[in-house]
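Values reported hereafter were calculated over all heavy atoms of this structure, with side chains retained and with hydrogens, waters and symmetry mates removed.
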Amino acid sequence: MDLLFASPSEADFKQICNCIREFELDDRGLKKEEFCAAFGKNHQLLGFGRLRQHPDCIELCSLGIIKSHRNLGIGTAITNELIKKEPHSIHLVCIIPDFFIPLGFLVVDSYPVSIQQKLDYCMQSLPVPEPYVAMCLQR
């Protein structure tokens, strides 16, 4: 599948924000400039992700794929695109560590305060049956 990676336009960003709420992802502090979007033919939004700047780390978050395009490698492609943009360590909080391990992320027990705050937020505000874990891609 041919993908084009780009910063979202204002219209794309509105669609991304709607998807974030629909997919029940962390919708706090959304900034258009932090996002990378994947587009298919005719500029069709297929997925998105962001690198969120915290005072103490960079967090990969808000990774979402349009439901009709899941399981096609788009999430991996977006993650790889985001990784290329950041030369420092990248942290994340997720319930699907097996997705991120092949991309070089490791489950960690020690992490910045911002990631602890993200874990706390997810466990309190985004409850799911799976356990949340913190992961890090070391550079």
Begin with the C-alpha distance, continue with both residues' side-chain angles, and end with the deciding distance and a verdict on side-chain contact (heavy atoms from CB on, under 4.5 Å) for Asp27 and Cys17. CA-CA 7 Å; Asp27 64 353; Cys17 292; over 6 Å; no
The test is side chain to side chain donor-acceptor pair (under 3.5 Å); show your working for Gln116 and Asp120 and say whether it passes. CA-CA 6 Å; Gln116 181 62 59; Asp120 294 343; 2.8 Å; yes
side-chain contact (heavy atoms from CB on, under 4.5 Å) for Leu106 and Ile101? Distances and angles first, verdict last. CA-CA 6 Å; Leu106 300 173; Ile101 289 171; 5.7 Å; no
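Shown here are the side-chain hydrogen bond (donor to acceptor under 3.5 Å, both in side chains) partners of Glu86, two or more places apart in sequence or in another chain: His88. In terms of the salt bridge (Lys or Arg N to Asp or Glu O under 4.0 Å) criterion, residue partners of Asp26 (sequence neighbours excluded) are, by chain and number, Arg28, Arg52, Lys118. Under the side-chain hydrogen bond (donor to acceptor under 3.5 Å, both in side chains) criterion, Asp56 pairs with Ser114, not counting sequence neighbours. Considering only residues two or more places apart in sequence or on other chains, Ser7 meets the side-chain hydrogen bond (donor to acceptor under 3.5 Å, both in side chains) condition with none of them.
Annotation: Asn71, atom CG; neighbour count of heavy atoms from other residues, nucleotides and ligands within 6.0 Å does not exceed 12. No more than 12 heavy-atom neighbours from other residues, nucleotides or ligands sit within 6.0 angstrom of NZ on Lys14.
With rounding to the nearest 0.5 Å, the separation of CD1 in Ile90 from SG in Cys61 is 11.0 Å. With rounding to the nearest 0.5 Å, the separation of CD1 in Ile74 from CZ in Phe39 is 12.0 Å. For the atom pair CG of Leu25 and CD1 of Ile16, the computed distance is 11.5 Å after rounding to the nearest 0.5 Å. A distance of 11.0 Å separates CG of Leu137 from CZ of Phe100, quoted to the nearest 0.5 Å. A distance of 9.5 Å separates OH of Tyr132 from CG of Leu119, quoted to the nearest 0.5 Å. Taking SG from Cys57 and NE2 from His91, the interatomic distance works out to 5.5 Å, rounded to the nearest 0.5 Å.
Among all heavy-atom pairs drawn from Thr79 and Phe105, the shortest one is CG2-CE1, 4.2 Å. Across every non-hydrogen atom of Ile78 and Gly47, the tightest pair is CD1-C, 3.4 Å. Minimum interatomic distance between Ala77 and Leu3 (heavy atoms only, all atoms of both residues): CB-CD1, 3.8 Å. Shown here for Ser62 and Arg50, the closest heavy-atom pair between the two residues is OG-NE, 3.0 Å. Pairing each heavy atom of Ile66 with each of Leu45, the nearest pair is CG1-O, 3.3 Å. Shown here for Leu82 and Gly49, the closest heavy-atom pair between the two residues is CD1-C, 3.8 Å.
Stacking of Arg70 on the aromatic ring of Phe23 is recorded, both the 6.0 Å distance cut-off and the 45° axial limit being met.
When atom types are taken as modelled, the side chain of Tyr111 and the backbone of Cys136 share no donor-acceptor pair closer than 3.5 angstrom.
A donor atom on one side chain and an acceptor atom on the other are found under 3.5 Å apart for His54 and Glu59.
When the side chains of ILVMFWY residues are joined at heavy-atom separations under 4.5 Å, either directly or via intervening members, Leu72 and Phe99 end up in a single hydrophobic cluster. Following chains of ILVMFWY side-chain contacts shorter than 4.5 Å, one cannot reach Leu103 starting from Phe48, and the two form parts of different hydrophobic clusters.
Sorted by first and then second residue, the salt bridge (charged side-chain N to carboxylate O under 4.0 Å, His left out) pairs with a member in residues 90-99 form an empty list; sequence neighbours excluded. Within the structure, every pair that satisfies the side chain to side chain donor-acceptor pair (under 3.5 Å) test and touches residues 37-49, not counting sequence neighbours, is listed here: Asp12-His43.
Using a 4.5 Å cut-off on side-chain heavy atoms (C-beta onward), Leu51 and Glu34 make no contact.
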